[in-house]
Amino acid sequence: MMDALPDHGSTGRLSLAWLSSLKWVLKKNVKCPFCLQVRKKMVEKYVREESMIRGPKFLTTLRSHTVWEHTPVNLYCTVEGYPTPFVKWCETDDTAQYTAVASNIHGQVSTQASVIVKSKFVYPVLLSSAVPMLPEIKYTKINITFLETFGSVFGTEGDTVTLAATMNISPNLANLQPEAQWFRDDHRLSDSKWVKIESGRGETKLTLPHLNKDDEGVYTLRMVTKGGDAAHSAFVSCADGPPPVPGSPGAPMDIKIHDANRDYVIVSWKPPNTTTEGPIIGYFVDRCETGTENWVQCNDSPIKICKYPVPGLFEGHSYYFRVRAINSKGISKPSRMSDPIAALDPTEFERLHAIKLGGKLDVVTYYDDVEDEKKVPGTPSKLHAPETDRTYVVLSWKPAPYHGRAPVWYYIEKVAETGAWQRVNTQVPVRSPRYAVFDLAEGKQYLFRVLAANMYGSSEASEPTEPIQTQELRGVPSAPGQVVATRQTDTSLVIQWAEPKEPNNLIGYYIDVCVKGSKDWDSANHKPHKSNKFVVQGLTTGETYVFRVQAINELGLSDESQESSPLSVKAALTIPSAPYDIALLACDGESMVLNWKRPVHSGGSPVAEYYINKRRHGEHTWREVNIPPIKERLFKVEHLSAGAVYEFMVYGGSLAGLGAPSAPSKAFHCDAWTMPEPGPAYDMTFCEIRDDSVVVEWKAPIYTGASPITGYFVDFAKKGSDEWHCSNESHAVSHRYHKVTGLEAGVSYVFRVRAANSEGAGKPSLASNPVVAKAVEGTEMTCTVDKESGDIILSFESCQITESSHFVWKKFYKEITDFSKEIVIKTEGSTSKLIFKHPDQGDVGCFSVSVTNTDGVSASHEIHAEELEKMLAKSYGIRHPVIPLKTQLAYKILERGRMCFWLQAEHISSAVTYKFFANNKELSPNHASHNVGTGIIEFVLDHFTEDSEGTFTVQIEDGKARGQSSLVLIGDDFKAALADAEHQRSEYIRVKEVQSCLFVWAGPPLCGSRVYCFIMQVDNLKKETALHWFKDDVEITPEGPANLASGACKTHGFYFFLSPGSSAAELAIHCTATGIQLHCHMKYYTEEMKIHWLHAKLSHSEKVHIGGTPAMAIMEILEPTEKDKGLYHIQIIDTENTYSRTIDLSGDGKQFCDYMISTFLDRGKVLGGLPDVVTIMEKKTLSLTCTVCGDPKPQVTWFKNGAEVYPDDQYLVSLESGKFASLTIKGVTLENSGRYTMTVQNKYGGESVDIVVSIYKHGDTIPQAKPTVTPKSIIPPKRALVKNGQL
C-alpha cells in the first residue's frame, strides 16, 4: 500500500492529485493503524491551519488601456491567498495581451488585459478620414484646507493612539472625493492588525490599537486628488513600557524574515536603545507555529549579533518569530511578533508548466511530468552566494535541467583554502536549490560545489564557486562625529552630526537628550534613525538642552559622541522687520552718506547684512546700490548726479533671509554741503534709565563744518510735543555722552543731539525713539574686593536676559577693548563681572555696563580716588595675609641642655610649612614639629654652644598667609641662656649617665725607659660596678681594688721602653682631587712631641695645608706647580731625640711630580664669566656664557637640579673653539627656575660651578640679587692616578 503513495517528503510538493490519492487510500483502509494516525494528524493540522489555507484569488483584475505612444502605463491587480501567491507576468508584443498568473501550493489563477498604443503623428492623407482623437484631460481643481490636524504624540508601549484630521473640501463633489493616504516615514500604510484607517467625507482617522516601537516615526496624511494633494505630518514617539525586571533592556524591534526556505529562515532585528540600562549581552529568538500559542526558544545561548538563522523548520508550516534582549539585570519583554512566514521552496513554482487546451482552459503541470523516466538528474549550474555572514553562507544555484521523473535532492560540498572536498549535508538531503551552510570559520575562504541526485544516481558536480570569504567581526561602529543643534520651532530642535569614520554595516542612530546641567539622559528616538539629521520634538520652550548620538549595527551600539553645545529652545527664526529712519549725514555733490536704524524685530537671529536700493524722485524703478552686503548701518552712496533728487530704501538680512524693505526715505537733494556748522550726529543709544534721568550716547557727525567740533547740546521733549528743551544749554559737553536729569517718572521722552563748533550749533539729529523714564528693578552695580584673590570686582546681574544678549562694559562710556592691564570680563548666565587683576591708581573713573536686546537694562558705578585707595589697601591685605601670632619666638631649655625654640599662632592648618634659621643659615627640619590644635610650632637644637650666639628666626607659610618671628640671643642674654643650658647638661650627665676619664702620667726616665701610670676616673658608679683593664685585648690586674666611693682606679705601675719618634713610618704620597698629599704614620704620640715640615720654608697657608691626627701627620700641596718640586722633610721631636723622614719629588719622584703638575695644569677649568644668581622676566631669552680651558679640550655638561640638560626647542647648548661654553634658554617660564650646574672635565679632572636662576612675572617686583663670584668645586680624575708615589 505504501508503495502506491507518492513520496511527499521526497518531492516537497503537495499536488491535488496526491491529495486525492491519499484520501482514497485512507477511505479504503479504514482499519489500518497507519491510516488512522494519518487521519488524526490531518484533522489536527486542518484545525491549526484552516484559517491560513487559501488558494490564490484576484480581488482586482487587470484593466485594458488605450494610450499614446511613448507614454507610461501601469497595469496592476490585487491578489490574495496563503501562502502568499507567486505572480508571473507574460506578454506577447507591444500591443497585445498581458497576463498575470498567481500561484501557490493550493492552485493557480490568471487575469488578462490589452494595451492599445496610439501614435501622436497623423499623416495628411488621413486627416480627411474619421480618425478618433483622444481629448485632453482636464481635471477639476479641488482645494483642501485642513481644519483640525493632529500634533506630535508621545506614548508608551501598549497605548492606543489615534491621529485624526478634518478638512474643508471645495468643491465637495460626491464622485470626486480625495483619497486619504497615510504614510509612516514615507512608507504607505494600510489596514492591518496593528493599523486601522477610517476615512469619510471631510475627515480621516488612523488608529494604532497597540502602540509599539515599530510604530515610531513621522506620520504623514496626504489627501490626494487628480489636481494635486495636501499633506500634514507629525511625529509619533513610543517609549519603552515598564520592564519585566528593573534595569532590564527595552524590547528589540523591526523583526524581518529573510531567505525563507523549506527548512530554515534568517531572522534579523534592530537593537533597543540603552540610555539608562546596562549594555546588552545577547538575544533570544523565539518561534511559534501559526494556529498555536506555543512559543519555542530557538537558541540555547544568547547570540550577540542582530541576525540569526533559524533551522529545523517543517516544510509547508507557517511560523511567527519574536526576539528578546538580555543584559546583566534580566530579559526584556519580547518584540512585536513578525508577520507569518511559510517554510516553502521559493523555486517551486518555477517548474510549473501551463498547457493551453483552447479557449480559456489551461492545464497546469510540472516539467517533471513530461520528462523521460529512470534517468540521472542533470548537473546544477550557476552556483553562487547571495549572502555571506560571519559563520554562515547562503548558497543558491540553478536547479538540474531535468529530474528523470523522480524526486531530486542535492548534496553540497565545501573545501577550505587547502584540503579535500567535504560533504556538508550528509544527514539531511537538500530539496530546494538554495541552502544555508552554517558553522563556518570567521574570516576564512571556502569553495563550494553542488551535486543533484535521485533514485537513479548522482549528477556531476557543478562548477565550484569563486573563493567565498566569510565576514570578519569588525565590531560596533565608531562614535559619530561632531553634533550640532540648530533651532527649528519653539518646541523642537534639528540635530545633525558627522557620520562615523568606521560605519561597519551601519543600521541607524539613537539620539539622547539631556537638560543642561543635569545628568538625566533620555532617548529622543526609540527606533533607529537612518539619516544623520533628526528633529527632536516635544521640548520645553526656553529650556536649554545638550545632545549626543550613538551609531548602531547588528553587533550593538557605538560609544557616545561628544555632547553638542547647549542650545535653548526658542521660537523659530523669522525674517527681520524693516529698517527705518533713513538719515542723510553728509553730501559732496557726487555722493551721500546714509545712516538708518536697525529693524525693531530681528526674527531671532542678528541682522548682519543690509542692502540699499535707490531711485530718482518721481521714478518707479528701484535700482540696487550695493551687491556685496553692508555690515554696518553707515554707507556712502557714490556715482550720483549733482543736483538730482534721490530716494533710498533699505533691506535687512539675517540667517532667516531678507526682511521687508524700509519705507522710502525723504527726497534728498544731491547738493554739496558748504555750511560752516557741523552736520547731524547719529546713532543715539540710551542706558541707565531711571525715574528722573537717562544717559544719552551718540556718534560724532560725519560732516564737521568749517572748524572742529567743540561740543554737543542734548535736547529732549515729551512724546508728541514739539516743545524742545536743552539739557545743557549753559555749556556744551565735549564728550559724546550726557546724563539728562529732571525728567518725570513714567513719562515718555524723545531726544536729539546738536553738534557745535566755533561757528555755532549745526543740524539736529533725527529724533530718537520714545524712552520712558522709568527705572528697571535690579539695575544696580556693586563694587567689591574678592576675599580670596584680592581682585577688585565690578559686578552686575541683569534682570532681563535673552539668548542673543551680551554685556558691554565701558569706561567713561567708551567700550573697554584694552585688556593689557589684565582686566577680565567674566559672564555667567545673567551676571557679568569686570575684574581688575592688578588694580592701581589708574583705575579711577566711571564704569558702566549695558545689556543688549533688552529694555535698556544698564548700570554704572564711579570709582573715586579715596574709595580706590581703601580697596587697594584691602586687596593688598588679602593677597599678602599675615598669620596672627599669640606669642613671638621664645626658648626653653630641655634636659641634656637642649634648646627648644617655639611660638604659638592663632590658628594653623595641617598644610602649614615652616623654616628655622640661625644667623641666616637654615637649620635641619628633622627636629621641627607643630600641633594644629594648639597652634604651637617648635624646633629643638641639640647642641647649644658658644657658636650659637646670634639671631634665631622662623618663617611660616600656611596657604597664602605668611608669618615670621625672630629671637635675638647676644651678649648677656646669650650668656645666661648658655649657662642655663650647660647647667642642665651637667645635671643630666651627673644624674643619668656614666662618665669616665682616662689620665696618663709619665714618670721620669729611668735607664732609657719611662714609667707610665694610667688612671681612670668614673662617675655615677653603683655598688655592683666592676672595672676591668686590658692591654692589646689581654686583661691585666690593677694595683688594687677600685675605690667606688671616689670613682678612681689605677693600674699596677709597669715599665716598658718607649721611643715615640722612632715609631714614625716613611713619608708616603697620595693624590687627591685638589693636589698632592704627604703623610707619615706613627704608632705612639705624646703631647711632648713636635712636628715640623721642611721644603724651603713651609707653613699653613692657602697653598699648603698642614694637619693630621694623633696617628698620622699630613701636609697637602694644593694645585702643585714647577716650584713645588724638590726634597721634603718631616722632623719629629720628642723629649729625648729628633727623628727625620725624607721624600724626593725631584729625583725618583720626578716623573710622578711632573705628571701631577701637568694634571693640575691641564685639567678642565672654569676661568670665569658666570654669576651665582641670575634674575630674568618670563618669556625672555637667557644666555649663560663663560670661558673654559683644559688640555685635552674639556667636555662641558649642563645640569638643572641635578638632571642633565639636553638640547631641544627651548634649550641650546654650545661650545665654540673649545673654550667658549654657553647655555641658552628661549622664552623662559617659571618652570625654568632652579639651580643650574656647569661641569668642565677631561681625563685629568675638572671643575663645576652653580648658578641659581630666578624668573619673575611681568609686573612683579624684580628680586634683588647681588652678583658674586661663583664658588668652584674640584672634580677628581676619572681613575686613580697615583698609589704610594707610583704612577
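If you're wondering where the values come from, they're calculated on a predicted model, not measured in any experiment.
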Just wondering, more than 12 heavy atoms not from [X] lying within 6.0 Å of its [atom1]?
{"X": "Ile970", "atom1": "CD1", "result": "no"}
{"X": "Asp972", "atom1": "CG", "result": "no"}
{"X": "Lys915", "atom1": "NZ", "result": "no"}
{"X": "Glu946", "atom1": "CD", "result": "no"}
{"X": "Asn920", "atom1": "CG", "result": "no"}
{"X": "Asp1209", "atom1": "CG", "result": "no"}

Given Trp1198, which of Thr1237, Thr1239, Ile1251 fulfils the side chain to side chain contact (heavy atoms under 4.5 Å, CB included) condition?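 Between Trp1198 and the candidates, side chain to side chain contact (heavy atoms under 4.5 Å, CB included) is satisfied uniquely by Ile1251.
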Nearest 0.5 Å, please: how far is [atom2] in [Y] from [atom1] in [X]?
{"X": "Ile1069", "Y": "Leu1078", "atom1": "CD1", "atom2": "CG", "result": "6.0 Å"}
{"X": "Leu1067", "Y": "His1129", "atom1": "CG", "atom2": "NE2", "result": "10.0 Å"}
{"X": "Tyr891", "Y": "Met899", "atom1": "OH", "atom2": "CE", "result": "5.5 Å"}
{"X": "Lys1243", "Y": "Arg1163", "atom1": "NZ", "atom2": "CZ", "result": "15.5 Å"}
{"X": "Tyr1236", "Y": "Leu1223", "atom1": "OH", "atom2": "CG", "result": "7.0 Å"}
{"X": "Glu1116", "Y": "Gln1077", "atom1": "CD", "atom2": "CD", "result": "5.5 Å"}

I'd like to know if Lys975 and Glu949 make a salt bridge, using a cut-off of under 4.0 Å between side-chain N and carboxylate O. no
Are Glu1178 and Lys1257 within salt-bridge range, i.e. N to O under 4.0 Å? no
Side-chain ([X]) to main-chain ([Y]) donor-acceptor, under 3.5 angstrom:
{"X": "Thr887", "Y": "Gln904", "result": "yes"}
{"X": "Ser965", "Y": "Leu889", "result": "yes"}
{"X": "Asn1242", "Y": "Lys1193", "result": "no"}
{"X": "Asn1201", "Y": "Gly1234", "result": "no"}
{"X": "Arg1141", "Y": "Ala1064", "result": "yes"}
{"X": "Asp1208", "Y": "Tyr1211", "result": "yes"}
{"X": "Gln1210", "Y": "Lys1226", "result": "yes"}
{"X": "Asn1232", "Y": "Thr1229", "result": "yes"}

Leu1182 vs Val1253, side chain to side chain contact (heavy atoms under 4.5 Å, CB included): CA-CA, chis, key distance, verdict: CA-CA 9 Å; Leu1182 172 64; Val1253 176; 3.8 Å; yes
I'd like to check [X] versus [Y] (side-chain heavy atoms, cut-off strictly below 4.5 Å). Are they in contact?
{"X": "Leu978", "Y": "Asp980", "answer": "no"}
{"X": "Lys1219", "Y": "Cys1189", "answer": "no"}
{"X": "Val1188", "Y": "Lys1165", "answer": "no"}
{"X": "Val954", "Y": "Phe939", "answer": "no"}
{"X": "Trp902", "Y": "Lys892", "answer": "yes"}
{"X": "Val912", "Y": "Ile956", "answer": "yes"}
{"X": "Ile1130", "Y": "His1092", "answer": "no"}
{"X": "Leu967", "Y": "Leu969", "answer": "yes"}

For side chain to side chain contact (heavy atoms under 4.5 Å, CB included), just list the numbers for Ile1255 and Met1177, CA-CA rounded to whole Å, side-chain angles, deciding distance to a tenth of an Å, and then say yes or no. CA-CA 5 Å; Ile1255 298 170; Met1177 187 173 69; over 6 Å; no
Nearest heavy atoms of [X] and [Y], plus distance in Å:
{"X": "Pro1194", "Y": "Leu1215", "result": "O-CD2, 3.9 Å"}
{"X": "Thr1224", "Y": "Ser1183", "result": "OG1-OG, 3.8 Å"}
{"X": "Cys1186", "Y": "Val1166", "result": "SG-CG1, 4.3 Å"}
{"X": "Ala981", "Y": "Phe944", "result": "CB-CD2, 4.0 Å"}
{"X": "Phe974", "Y": "Ser948", "result": "CE1-C, 3.7 Å"}
{"X": "Ile908", "Y": "Asn931", "result": "CD1-O, 3.8 Å"}

Any chance you could lay out the side chain to side chain contact (heavy atoms under 4.5 Å, CB included) test for Thr1142 and Asp1144, step after step, and finish with the verdict? CA-CA 7 Å; Thr1142 304; Asp1144 188 2; 5.9 Å; no
Judged by modelled atom types alone, do Ser1222 and Ser1214 share a side-chain donor-acceptor pair under 3.5 Å? yes
Might you work through the side chain to side chain contact (heavy atoms under 4.5 Å, CB included) test for Val1104 and Trp1093, ending with a clear yes or no? CA-CA 11 Å; Val1104 178; Trp1093 289 91; over 6 Å; no
Look at the aromatic rings of Tyr914 and His930 and report parallel, tilted or perpendicular, splitting at 30° and 60°. perpendicular
One pair to check against salt bridge (Lys or Arg N to Asp or Glu O under 4.0 Å): Glu957 and Arg962. What are the steps and the verdict? CA-CA 5 Å; Glu957 185 173 348; Arg962 289 173 174 80; 3.4 Å; yes
Would you say the rings of Phe952 and Phe901 are close, in the sense that their centroids are separated by under 6.0 Å?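 Yes, they do, as the ring centres are separated by less than 6.0 Å.
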